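For clarity, every value in this text was computed on a predicted model and none was experimentally measured. Proteins get letters first, then strands, A, B, ... in listed order; numbering begins at 1 in each.
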2 protein chains.
Amino acid sequence: MESFDPQAEPVALSAEQSRFIEQIGVYYENFGIPRIGGRMFGLFLVTTNPLSAEELAQTLKASRSSISTNVRGLVANGWVEKVTIAGDRTEYFRLAPAAWEQVMERRRQSLTPLRNMAEQILETLPKDHPAYGQLEHMATWVTFLAQHYTDLLEVWKAQHPRR
Amino acid sequence: MESFDPQAEPVALSAEQSRFIEQIGVYYENFGIPRIGGRMFGLFLVTTNPLSAEELAQTLKASRSSISTNVRGLVANGWVEKVTIAGDRTEYFRLAPAAWEQVMERRRQSLTPLRNMAEQILETLPKDHPAYGQLEHMATWVTFLAQHYTDLLEVWKAQHPRR
DNA sequence: TAGTTGTTTCTGTAAATACTGAAATGATCG
DNA sequence: CGATCATTTCAGTATTTACAGAAACAACTA
């Protein structure tokens with residue numbers, strides 16, 4: 001009963017912040033993330049208060065349904081986290097503290113199918129097949145990369161321990 | 001005059017190779033690469049002979065125009081390279097020897113705009129702005145990542161010197 | 001239980017993208 | 001300079017995808 005939240009106002013943004021949000025939006029759009037999703041991420045980067053879906057919708061001038069689907073993606077990828085407040089049934093969202101590590105972790109995991117494909121095809125080929133060498137090379141690369149991603153994350157986490 | 005190349009035949013592929021090509025196609029489709037482009041890449045992975053556009057078209061059952069546009073992308077990204085033969089006006093293509101390194105290198109370069117965005121917005125914010133810390137964190141992460149990509153590539157190249 | 005509010009799902013539409021076949025361009029050869 | 005052949009560009013079509021608004025659903029509250 002305490003939050004009477006008359007109409008959920010949009011977040012006040014400076015011109016620079018708005019520009020940043022749009023830039024982040026198009027940047028991630030190039031990586032296949034829907035524009036609204038990218039903008040949301042940008043918004044979370046330049047603000048710290050957890051935001052409700054309604055605030056997101058108003059601030060980004062997008063529909064509630066788009067916010068709903070896009071926020072789900074961001075949460076699923078570990079970029080954003082849901083925050084709740086006792087006695088308030090609205091859900092709020094904010095940048096996940098480990099967002100960047102998560103991006104990396106996801107990327108590492110996406111290497112697994114690639115490695116599997118390489119290994120599977122290698123099993124079917126005779127060792128003297130002309131392409132054997134380059135497929136082996138591919139498998140080696142993917143393994144190398146996955147290992148280094150793991151190492152890299154460990155170094156980062158050591159340098160930036162979770163408070 | 002010497003190559004009379006009656007009709008450019010499709011590459012003969014085993015069932016496993018065909019399956020591999022399709023798998024690679026859908027894998028890279030998830031990363032925003034057109035299906036035909038991904039299939040071409042897969043084809044180059046399981047073959048070694050340079051292939052003409054006509055052979056690619058026939059083998060992958062795609063139009064010449066699609067091959068043209070997609071091969072351009074693969075070459076631009078350094079995944080595939082063009083090969084020519086004296087006295088033959090057809091162009092051939094094959095997997096670039098440094099394809100995997102190139103993937104990494106591209107990724108590293110794509111971090112630059114992200115770093116720029118972070119640094120630019122930081123310049124406009126007072127140090128006590130609530131989001132200052134997390135934007136600094138972002139900039140640190142991107143820098144860290146770019147540096148480690150560079151290192152990683154160096155290690156790889158040392159281990160796999162170009163013959 | 002009825003009413004209120006927050007969230008998701010559904011349905012349709014607009015926009016973007018991939019792809020093809022045909023036309024245009026370019027390059028080489030007689 | 002034609003003629004031939006390889007490649008690219010163009011124009012149209014089909015498919016996919018993002019998005020919005022409305023309906024459905026869920027969770028709480030009086």
Next on the checklist: Could you tell me how far apart B:E29 (CD) and C:dA18 (C1') are, to the nearest whole angstrom?
Outcome noted: 10 Å

Item to check | Ring centre gap for A:H137 and B:W156 strictly below 6.0 Å | outcome: yes

Item to check | No-H, no-angle donor-acceptor pair, A:S65 side chain to D:dA20 base, under 3.5 Å | outcome: yes

Checklist outcome for this item: Whole-Å distance, B:N30 CG to C:dA18 C1', equals 16 Å

Item to check | Short side-chain N/O contact from B:S63 to OP1 or OP2 of C:dT20, under 4.0 Å | outcome: yes

Checklist entry - So what does B:K61 touch, heavy atoms closer than 4.0 Å: a base, only the sugar-phosphate, or nothing? => result sugar-phosphate

Next on the checklist: If I take atom CD in residue A:Q58 and atom P in nucleotide D:dA20, what distance separates them, rounded to the nearest angstrom?
Outcome noted: 13 Å

Checklist entry - When the distance from CZ of A:R72 to P of D:dC19 is rounded to whole Å, what number comes out? => result 14 Å

Checklist entry - Once you round it to whole Å, what is the distance between C1' of C:dT20 and CD of B:E54? => result 14 Å

Item to check | Interatomic distance where CG belongs to B:L56 and P belongs to C:dC19 [whole Å] | outcome: 14 Å

Checklist entry - When you measure from the side chain of A:D88 to the backbone N and O of A:T90, does any donor-acceptor pair fall under 3.5 Å? => result yes

Item to check | Touch class at under 4.0 angstrom, heavy-atom based, for B:R64 against every strand present | outcome: base

Item to check | Single-linkage hydrophobic cluster B:Y92~B:F41, side-chain heavy atoms < 4.5 angstrom | outcome: no

Checklist entry - In terms of side-chain geometry, is the basic nitrogen of A:E105 or A:R108 positioned less than 4.0 Å from the acidic oxygen of its partner? => result yes

Next on the checklist: Does a side-chain N or O of A:S68 approach OP1 or OP2 of C:dT8 to a distance below 4.0 Å, or not?
Outcome noted: yes

Next on the checklist: Rounding to an integer number of Å, can you tell me how far B:I67 CD1 sits from C:dG21 C1'?
Outcome noted: 14 Å

Next on the checklist: So, OP1 or OP2 of D:dT4: does either fall under 4.0 Å of a side-chain N or O from B:R89?
Outcome noted: no

Next on the checklist: Taking the minimum atom-to-atom distance to the side chain of A:N70, which one of C:dT20, D:dT7, D:dC19 wins?
Outcome noted: D:dC19

Checklist entry - When clusters are formed by joining ILVMFWY residues with side-chain heavy atoms under 4.5 Å apart, either directly or through shared neighbours, do A:M104 and A:V75 land in the same one? => result yes

Checklist entry - Would you say the side chain of A:T90 and the base of C:dG6 hold a donor-acceptor pair, judged only by whether the two atoms sit under 3.5 Å apart? => result no

Checklist entry - Whole Å only: how far is the CG atom of B:L74 from the C1' atom of D:dT7? => result 16 Å

